2 protein chains.
Amino acid sequence: MRLFWERGYELTSINDLTRELGISAPSLYAAFGDKQALFDEAVARYEASPQSVTTAGKAGTSQREVLRAMFDRAVQEYASTAHPRGCLVNSEPKLEANRTQNCAITAARLREVAESAEMNNDADTLAAFAQVMLVGLSSYARDGANKEQLQRVAELALCVMGSPQQTEKIVP
Amino acid sequence: MRLFWERGYELTSINDLTRELGISAPSLYAAFGDKQALFDEAVARYEASPQSVTTAGKAGTSQREVLRAMFDRAVQEYASTAHPRGCLVNSEPKLEANRTQNCAITAARLREVAESAEMNNDADTLAAFAQVMLVGLSSYARDGANKEQLQRVAELALCVMGSPQQTEKIVP
DNA sequence: ACTGTTCTATAACGACTACTACAGAACGGT
DNA sequence: ACCGTTCTGTAGTAGTCGTTATAGAACAGT
């Protein structure tokens, strides 16, 4: 997972993988099938991580809070030095289907928390905007941006939701 | 340029290039040096194109108009079917330096048109936000988004600048 | 101790990579 | 018509790619 994450699919060779895993090629093929299957398992493991941005979207009770939770998680994770920079899914050309699905998941989540005051924000467009931000932030982190730089951009992006006071839930 | 644009550097082989150009490998090497040099020339040609997003940023007399011009151009170009989807520079991992430089160019342009009413928007952060949006939009287009989808996201992104009336230039 | 199974590593496969030595064709100048 | 230069294609370099056939080691059951 780490190797695919930092180099991408094409630039990660079986040789790199066997050296890193400490096993020989036939063992790798016996265990995983082929390179694509190993990659699929790595991606599945990545997406199942509790640190994933998608799972962060489950928090929050308003559209703004959902986006904030996702952006905060992205800022935290994409700039972390504990693992490769950026996002595996949002950086890898082979993972178009995953990005599209994540976008759909976000749109569904946004519809769940939609309030009358924010209904003017189309959930699909808002989810696409969030996905665009995440891909862009991942690239920005890969290009060397630190956590503070990511934070400022994410903060600015939240302006599309208006000020927090405007969208705060009004309990009757 | 077209091949690098649609497949990226690593996935474009000399064989692909010679077949497309209709010349043989030795001629290609005599003309361009090596693969990297040919790639550099292709990127230079791409960036010098009058359709480039960077040149679009030269228009506009306010920070908002500069961003709008860039986003409009991105929407127009990234979803065009006249050439590969998305952006060569913003999709290619090898071109980190180009992205960083484009970000600096945008920041400088934003400072030029800065007005007292918008000085609260830090030009560097705003340029980084624009760059993040462009990378994200490029990925979105590559993943299959059409012009209308890009347009809606770009429109939403402009909300960070407030409504047009607020930032419109006030002639004394 | 012997057998059958499971795991591992060495070594090789064919196909591809970027790149180039060399030979022949095409060309302009005299 | 001939020579020298420039260009082009054929063919090949060494290396890497993903993948696998094969042979030996480790191990459990009888």
Side-chain angles (χ1 to χ4, degrees), chain A residues 1-49 83-99 138-139 142-143, chain B residues 1-49 83-99 138-139 142-143:
Chain A
M1 182 180 83
R2 217 194 63 233
L3 287 179
F4 284 130
W5 194 347
E6 67 189 15
R7 308 183 195 184
Y9 182 82
E10 303 290 346
L11 287 182
T12 303
S13 72
I14 297 288
N15 228 344
D16 297 331
L17 293 165
T18 57
R19 191 183 307 116
E20 192 71 16
L21 293 171
I23 61 176
S24 59
S27 303
L28 185 150
Y29 277 87
F32 299 103
D34 62 359
K35 188 186 179 185
Q36 180 65 50
L38 172 53
F39 178 71
D40 291 342
E41 283 201 39
V43 172
R45 187 185 185 105
Y46 178 88
E47 292 206 303
S49 154
H83 48 66
R85 297 279 187 120
C87 174
L88 198 170
V89 174
N90 289 335
S91 307
E92 174 60 60
K94 281 175 80 78
L95 298 181
E96 182 237 296
N98 297 64
R99 284 189 291 276
S138 173
S139 164
R142 265 173 194 259
D143 288 352
Chain B
M1 182 180 83
R2 218 194 62 233
L3 287 178
F4 284 131
W5 193 347
E6 67 189 16
R7 309 183 193 183
Y9 181 83
E10 303 290 347
L11 288 182
T12 304
S13 72
I14 297 289
N15 228 341
D16 298 331
L17 294 165
T18 56
R19 191 182 310 117
E20 192 70 17
L21 293 171
I23 60 175
S24 59
S27 302
L28 186 149
Y29 277 87
F32 299 103
D34 61 359
K35 187 185 178 185
Q36 179 66 50
L38 172 54
F39 179 72
D40 291 342
E41 284 201 40
V43 172
R45 188 187 184 105
Y46 179 88
E47 293 205 302
S49 155
H83 47 65
R85 298 276 188 123
C87 174
L88 199 171
V89 174
N90 289 335
S91 308
E92 174 61 61
K94 282 175 80 79
L95 297 182
E96 182 239 297
N98 298 63
R99 284 189 292 275
S138 173
S139 164
R142 263 171 195 259
D143 288 352

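A, B, ... follow the sequence lines: proteins, then strands. Residue 1 opens every chain. Quick caveat, the model's predicted, so the values are computed rather than measured.
- Contact annotation for A/Thr18: no contact, since no heavy-atom pair falls under 4.0 Å across all strands.
- If you measure from atom OH of A/Tyr29 to atom P of C/dC7, you get 19 Å, rounded to the nearest angstrom.
- Backbone-only engagement by B/Ile14 is indicated by non-hydrogen atom pairs under 4.0 Å involving sugar-phosphate atoms exclusively.
- If you take CG of A/Leu28 and C1' of C/dT10, they are 16 Å apart, rounded to a whole angstrom.
- Shortest non-hydrogen contact noted between A/Gly8 and A/Glu92 is CA-OE1, 3.4 Å.
- As rounded to whole Å, 15 Å separates atom C1' of C/dT20 from atom CD1 of B/Ile23.
- At the heavy-atom level, B/Ala30 lies nowhere under 4.0 Å from the strands shown.
- The nucleotide range of DNA chain D contacted by chain B, defined by atoms under 4.0 angstrom from heavy atoms of the protein and reported 5' to 3', is D/dT8 to D/dT10.
- B/Arg99 contributes a side-chain N or O that, together with a main-chain N or O of B/Val89, makes up a donor-acceptor pair within less than 3.5 Å.
- Proximity of a side-chain donor or acceptor of A/Thr18 to a complementary backbone N or O of A/Asn15 within less than 3.5 Å is detected.
- Contact annotation: the side chain of B/Arg7 approaches that of B/Asp16 to within less than 4.5 Å [non-hydrogen atoms, C-beta and beyond].
- If A/Pro26 and A/Asp16 are placed on DNA chain D by their nearest nucleotide, the residue sitting closer to the 5' end is A/Asp16.
- Between A/Trp5 and A/Ser91 there is no side-chain heavy-atom pair separated by less than 4.5 Å.
- A cation-pi contact, defined as under 6.0 Å to the ring centre and within 45° of the axis, links B/Lys35 to B/Tyr9.
- When heavy atoms are screened at a 4.0 angstrom cut-off, B/Ser13 is found touching the sugar-phosphate backbone but no base atom.
- Computed from coordinates, the B/Phe32 CZ to C/dA18 P distance equals 15 Å when rounded to whole Å.
- Computed from coordinates, the B/Phe39 CZ to C/dA18 P distance equals 13 Å when rounded to whole Å.
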